[in-house]
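Accompanying notes for the structure given below.
Please read these numbers as outputs of a predicted model, since none were measured by experiment.
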Amino acid sequence: MEIIKVGILGVVGVLIAIQFKSQKPEYSIYIGIGVCILIFCYALQYLSNVAAQLQILQRYMETGQEYLTALLKIVGITYICEFSAGICKDAGYQSVASQIEVLGKLTVMFAGLPILFAMIEQMEGFWR
């Protein structure tokens with residue numbers, strides 16, 4: 001049911017922004033950014049629930065906690081990049097949004113390298 005509230009907030013925010021777009025385009029951008037920030041703050045409330053569940057999961061894992069940490073970093077990087085790029089696109093700065101997306105992809109790749117190296121080490125041990 002919570003996703004319905006967020007969806008309604010987004011649609012209402014966009015409809016209000018559309019009303020201002022023809023007369024005061026800067027207000028339209030501000031409304032869009034405001035709605036994005038509200039939804040982002042709402043999502044942050046759920047982040048504490050997710051963190052609590054992941055701590056329970058970590059208790060069950062004997063090894064590989066660094067993989068879970070890397071996964072959380074990757075999800076965070078992805079969300080922040082999507083959020084920032086979306087705001088830039090709405091403001092009409094597609095080139096800035098593309099650069100944010102490229103940086104996000106490179107950062108995710110870099111954050112995932114330790115997992116790749118660990119997999120290669122395990123495969124080497126298996127073949128020996």
Side-chain angles (χ1 to χ4, degrees):
M1 292 304 284
E2 299 297 319
I3 191 68
I4 293 173
K5 292 178 188 177
V6 172
I8 290 172
L9 172 67
V11 170
V12 168
V14 167
L15 291 175
I16 292 171
I18 289 173
Q19 295 298 317
F20 283 98
K21 193 167 190 163
S22 62
Q23 297 171 352
K24 298 275 187 175
E26 63 275 7
Y27 290 167
S28 174
I29 292 170
Y30 297 146
I31 291 169
I33 291 172
V35 170
C36 286
I37 290 172
L38 283 173
I39 293 172
F40 183 73
C41 291
Y42 192 76
L44 286 178
Q45 291 176 350
Y46 282 98
L47 189 61
S48 64
N49 295 338
V50 170
Q53 295 297 320
L54 289 175
Q55 285 178 349
I56 293 170
L57 182 61
Q58 275 186 329
R59 284 188 225 138
Y60 291 114
M61 294 175 64
E62 294 176 13
T63 59
Q65 292 185 3
E66 62 273 0
Y67 302 137
L68 196 55
T69 303
L71 176 66
L72 286 176
K73 285 180 185 177
I74 290 170
V75 169
I77 291 166
T78 305
Y79 190 74
I80 290 169
C81 287
E82 284 284 325
F83 181 76
S84 303
I87 288 176
C88 291
K89 284 179 184 177
D90 287 346
Y93 293 96
Q94 282 78 12
S95 60
V96 175
S98 329
Q99 294 305 312
I100 291 171
E101 289 171 349
V102 167
L103 178 65
K105 290 173 185 174
L106 290 172
T107 308
V108 165
M109 185 179 72
F110 181 73
L113 283 177
I115 297 172
L116 177 64
F117 292 144
M119 286 176 44
I120 291 171
E121 287 175 11
Q122 285 183 352
M123 289 190 318
E124 280 182 348
F126 177 73
W127 293 111
R128 288 186 183 181

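- The aromatic ring centres of Tyr79 and Phe40 sit less than 6.0 Å apart.
- Contact between Ala85 and Ala97 at its shortest, heavy atoms only, is O-CB, 3.4 Å.
- Annotation: side chain of Phe20 is not in contact with side chain of Pro25 (no heavy-atom distance under 4.5 Å).
- Grouping the Ile, Leu, Val, Met, Phe, Trp and Tyr side chains by contacts below 4.5 angstrom, directly or via other members, places Leu113 apart from Ile77.
- The hydrophobic cluster containing Tyr46 also contains Leu38, counting ILVMFWY residues as joined when their side-chain heavy atoms lie under 4.5 angstrom apart, directly or transitively.
- Applying the side-chain contact (heavy atoms from CB on, under 4.5 Å) test between Gln53 and each of Ile56, Val50, Asn49 identifies Ile56 as the sole match.
- Rounded to the nearest 0.5 angstrom, Cys88 SG and Ile33 CD1 are separated by 8.5 Å.
- Listed by chain and number, the residues in a salt bridge (Lys or Arg N to Asp or Glu O under 4.0 Å) with Lys89 are Glu101 (sequence neighbours excluded).
- Following chains of ILVMFWY side-chain contacts shorter than 4.5 Å, one cannot reach Ile80 starting from Leu44, and the two form parts of different hydrophobic clusters.
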Practice prompt. For Ile29 and Asp90, run side-chain contact (heavy atoms from CB on, under 4.5 Å): C-alpha distance rounded to whole Å, both residues' side-chain angles, the deciding distance at 0.1 Å, then the answer.
Written response: CA-CA 7 Å; Ile29 292 170; Asp90 287 346; over 6 Å; no

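- Closest approach of Ile74 and Ala111 over heavy atoms only: CG1-CB, 3.9 Å.
- Note that NZ of Lys105 is 10.5 Å distant from OG1 of Thr78, once rounded to the nearest 0.5 Å.
- When all heavy atoms of Ile115 and Ala70 are compared, the pair lying nearest together is CD1-CB, 3.7 Å.
- Other cluster members for Leu103: none, since no ILVMFWY side-chain heavy atom sits under 4.5 Å from it.
- Every pair tested for salt bridge (charged side-chain N to carboxylate O under 4.0 Å, His left out) that includes a residue from residues 15-26 fails, sequence neighbours excluded, so the list is empty.
- In this structure, CD1 in Ile39 is found 9.0 Å from CZ in Phe83, a value given to the nearest 0.5 Å.
- With rounding to the nearest 0.5 angstrom, the CD1 atom of Ile87 is 9.0 Å from the CD1 atom of Ile100.
- Rounded to the nearest 0.5 angstrom, Tyr27 OH and Ile16 CD1 are separated by 15.0 Å.
- Atom CD of Glu82 has 12 or fewer heavy atoms from other residues, nucleotides or ligands within 6.0 Å.
- Linking Ile, Leu, Val, Met, Phe, Trp and Tyr whenever their side-chain heavy atoms come within less than 4.5 Å puts Val6 and Val35 in one cluster.
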Item to complete: Just do the side-chain contact (heavy atoms from CB on, under 4.5 Å) check on Leu106 and Phe110 with the steps written out, would you?
Response: CA-CA 6 Å; Leu106 290 172; Phe110 181 73; over 6 Å; no

